[in-house]
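The shown structure was predicted, so the numbers you read here are calculated from the model rather than taken from an experiment.
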Amino acid sequence: MIETTTKSSKTRERGMLEQEQTIPDHIPLFADTAEKTMQIDVVVNKDGKVWVIYDRPFPDYLDWVEFDADTGEMTFVTMDGKLQDLGMIIHEPMNQFVAQAKKACLMMIRDGQIRDMGLVPLLVRNDKLIKGKHHG
């Protein structure tokens with residue numbers, strides 16, 4: 001009996017999550033992650049130069065990129081303030097190099113050619129650094 005209840009509860013939860021995929025226009029969040037809507041990857045070198053390479057346009061013009069160094073999550077922010085999550089976690093040691101960056105180069109490549117390119121600010125959140133500054 002308990003297993004059946006748990007399973008039906010999980011099925012209900014999954015159904016509710018599927019229904020929640022549609023986000024009202026007034027909520028500043030895109031329903032799908034960038035990884036679900038395009039082929040996308042993040043490339044970084046040891047000097048903290050970051051490139052975001054993708055094959056389809058973002059849903060709107062990007063104004064900046066945010067990176068949470070503690071969680072490894074990257075979020076794209078449009079000019080209207082709407083957010084789209086990368087959909088992948090940037091793990092160590094790569095996250096340490098991304099955390100050094102001040103800008104991200106965005107490059108759309110399709111059919112082997114660069115179709116669009118831009119440079120946007122990269123804002124980094126690092127609670128460990130912030131906490132260290134307050135205690136020092």
Side-chain angles (χ1 to χ4, degrees):
M1 284 296 264
I2 294 173
E3 287 181 14
T4 305
T5 305
T6 305
K7 286 181 183 177
S8 65
S9 174
K10 286 182 181 177
T11 303
R12 258 186 267 125
E13 286 175 17
R14 263 184 262 142
M16 289 170 61
L17 288 175
E18 288 173 7
Q19 292 173 0
E20 292 174 11
Q21 291 297 324
T22 304
I23 297 176
D25 289 337
H26 69 281
I27 303 294
L29 182 67
F30 290 101
D32 287 325
T33 64
E35 182 188 33
K36 287 183 180 179
T37 61
M38 63 182 84
Q39 290 184 4
I40 188 168
D41 207 349
V42 177
V43 181
V44 63
N45 67 12
K46 64 180 179 175
D47 298 323
K49 304 263 191 243
V50 175
W51 293 268
V52 178
I53 302 169
Y54 53 100
D55 70 338
R56 294 182 182 187
F58 280 89
D60 203 351
Y61 293 105
L62 295 184
D63 205 15
W64 74 85
V65 177
E66 293 181 1
F67 178 66
D68 187 322
D70 296 326
T71 64
E73 295 175 348
M74 184 173 277
T75 304
F76 304 101
V77 183
T78 69
M79 294 182 91
D80 292 331
K82 207 160 182 178
L83 308 174
Q84 184 174 35
D85 188 66
L86 172 62
M88 301 180 281
I89 300 295
I90 299 174
H91 297 282
E92 288 199 25
M94 187 173 165
N95 67 341
Q96 296 171 17
F97 297 114
V98 175
Q100 296 175 30
K102 303 288 183 223
K103 296 179 182 178
C105 181
L106 306 172
M107 190 180 310
M108 184 172 70
I109 299 177
R110 189 181 296 171
D111 301 325
Q113 294 183 343
I114 297 173
R115 301 294 180 159
D116 194 15
M117 198 164 135
L119 194 61
V120 296
L122 178 73
L123 305 178
V124 178
R125 176 181 173 191
N126 187 333
D127 285 340
K128 291 176 188 169
L129 270 177
I130 293 167
K131 288 175 185 172
K133 288 180 182 177
H134 290 302
H135 292 112

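- For Thr37, the side-chain contact (heavy atoms from CB on, under 4.5 Å) partners at least two apart in sequence or on another chain are Asp32, Gln84.
- Distance check, rounded to the nearest 0.5 Å: OG1 of Thr71 to CG of Asn126 gives 10.0 Å.
- In the hydrophobic cluster analysis, where Ile, Leu, Val, Met, Phe, Trp and Tyr join through side-chain heavy atoms closer than 4.5 angstrom, Leu123 is grouped apart from Leu86.
- Summarising the geometry, atom CZ belonging to Arg125 is positioned 7.0 Å from atom CG belonging to Asp70; distances are rounded to the nearest 0.5 Å.
- When all heavy atoms of Ile40 and Ala34 are compared, the closest pair comes out as CD1-CB, 3.9 Å.
- Residue pairs meeting the ring-ring contact (aromatic ring centres under 6.0 Å, His included) criterion with at least one member in residues 56-87, sequence neighbours excluded, are Tyr54-Phe58, Phe58-Phe76.
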Without placing hydrogens or testing angles, list every side-chain donor-acceptor pair under 3.5 Å for residues 93-121, not counting sequence neighbours.
unit_1 : atom_1 : unit_2 : atom_2 : d
Asn95  : ND2    : Ala69  : O      : 3.4
Gln96  : NE2    : Glu92  : OE1    : 3.1
Arg110 : NE     : Asp55  : O      : 3.1
Arg110 : NH2    : Asp55  : O      : 3.2
Arg115 : NE     : Arg110 : O      : 3.3

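- Here the closest heavy-atom approach between residue Ile89 and residue Glu73 is recorded as CD1-CG, 3.7 Å.
- Judged purely by atom type and a 3.5 angstrom limit, Asn45 uses its side chain to pair as donor or acceptor with the backbone of Asp47.
- Counting heavy atoms from C-beta outward, Thr75 and Val65 have side chains that stay 4.5 Å or more apart.
- Contact of the Val42 side chain with the Val50 side chain is registered, since non-hydrogen atoms from C-beta on lie closer than 4.5 Å.
- Met38 and Met74 fall within a single hydrophobic cluster, where Ile, Leu, Val, Met, Phe, Trp and Tyr are joined by side-chain heavy atoms under 4.5 Å apart, directly or via other members.
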